[in-house]
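Everything quoted here is computed from the prediction, not taken from an experiment. All values below were derived from every heavy atom in this structure, side-chain atoms included, with hydrogens, water molecules and symmetry-related copies excluded. The first residue in the sequence is number 1, and the count goes up from there.
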Amino acid sequence: NIILGQAPAVLGIAHWNRLDQVYTTDSLNSVLMDLQAEAMISIPDTRAAAEALSGAMNQLSRWVAAGHDPKTAWDTLALLLKALLAKE
């Protein structure tokens with residue numbers, strides 16, 4: 001909860017967004033681009049997908065911080081990622 005709940009207030013939202021971009025969204029985009037290059041997935045826009053996944057993971061982290069079951073969060077995220085990234 002400290003990172004997602006307090007960091008934007010302490011660091012400022014612009015700085016926190018830059019850190020989230022570099023350490024989360026950019027990393028996700030890189031992985032998605034690699035998977036696409038290896039023909040393991042087909043995504044029209046890896047940047048858009050990375051933004052969507054980053055936002056979903058941030059929100060799910062807040063959900064866990066609010067007292068919900070972490071295992072349920074991980075299991076749900078794994079299921080969603082498998083469905084989203086499945087080849088047609």
Side-chain angles (χ1 to χ4, degrees):
N1 190 26
I2 292 173
I3 292 173
L4 291 171
Q6 306 303 322
V10 173
L11 298 173
I13 193 69
H15 184 65
W16 184 82
N17 281 335
R18 279 192 302 277
L19 292 173
D20 189 50
Q21 184 73 42
V22 169
Y23 292 104
T24 304
T25 309
D26 289 350
S27 296
L28 285 168
N29 187 52
S30 179
V31 169
L32 294 172
M33 288 172 59
D34 289 347
L35 290 171
Q36 188 150 306
E38 295 173 18
M40 296 179 74
I41 61 171
S42 177
I43 298 175
D45 187 323
T46 59
R47 175 56 66 184
E51 292 285 347
L53 290 172
S54 178
M57 291 188 305
N58 282 342
Q59 190 58 36
L60 193 56
S61 296
R62 288 184 187 97
W63 186 77
V64 169
H68 298 280
D69 180 38
K71 183 177 181 335
T72 299
W74 279 113
D75 291 349
T76 301
L77 180 60
L79 179 69
L80 291 171
L81 287 172
K82 285 177 186 174
L84 287 171
L85 301 176
K87 283 185 89 170
E88 295 178 12

Partner set under side chain to side chain contact (heavy atoms under 4.5 Å, CB included) for [X], not counting sequence neighbours:
| X | answer |
| --- | --- |
| Asp69 | Lys71, Thr72 |
| Leu79 | none |
| Ala49 | Leu32, Ile43 |

### Message
Tell me whether Leu80 shares a hydrophobic cluster with Met57, the cluster being built from Ile, Leu, Val, Met, Phe, Trp, Tyr side chains joined at under 4.5 Å.
### Response
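Leu80 does not cluster with Met57.
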### Query
What pairs with Trp74 under ring pair (Phe, Tyr, Trp, His ring centres under 6.0 Å), at least two apart in sequence or on another chain?
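Checked Trp74 against ring pair (Phe, Tyr, Trp, His ring centres under 6.0 Å); zero matches.
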### Message
Using only atom types and a distance under 3.5 Å, with no angle test, would you say the side chain of Asn17 pairs donor to acceptor with the backbone of Ile13?
### Response
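At least one qualifying donor-acceptor pair exists.
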#### Entry: Shortest non-hydrogen contact between Leu60 and Ala73, atoms and distance
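Heavy-atom minimum between the residues: CD2-O, 3.4 Å.
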### Task
Return the minimal non-hydrogen interatomic distance between Asp20 and Ser54, and the atom names on each side.
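Heavy atoms of Asp20 and Ser54 come nearest at OD2-OG, 3.6 Å.
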#### Entry: Pairs involving residues 30-39, ordered by first then second residue, that meet salt bridge (Lys or Arg N to Asp or Glu O under 4.0 Å) (sequence neighbours left out)
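Residue pairs with at least one partner in residues 30-39: there are none.
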### Task
Please list all pairs passing the salt bridge (Lys or Arg N to Asp or Glu O under 4.0 Å) test where one or both residues lie in residues 46-57, with sequence neighbours left out.
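Matches after skipping sequence neighbours: Asp26-Arg47.
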### Task
Show your working on side-chain contact (heavy atoms from CB on, under 4.5 Å) between Leu53 and Leu81 and close with a plain yes or no.
CA-CA 9 Å; Leu53 290 172; Leu81 287 172; 3.4 Å; yes
### Inter-residue atom distance Arg62.CZ - Gln59.CD, 0.5 Å rounding
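Between Arg62 CZ and Gln59 CD, I get 5.5 Å after rounding to 0.5 Å.
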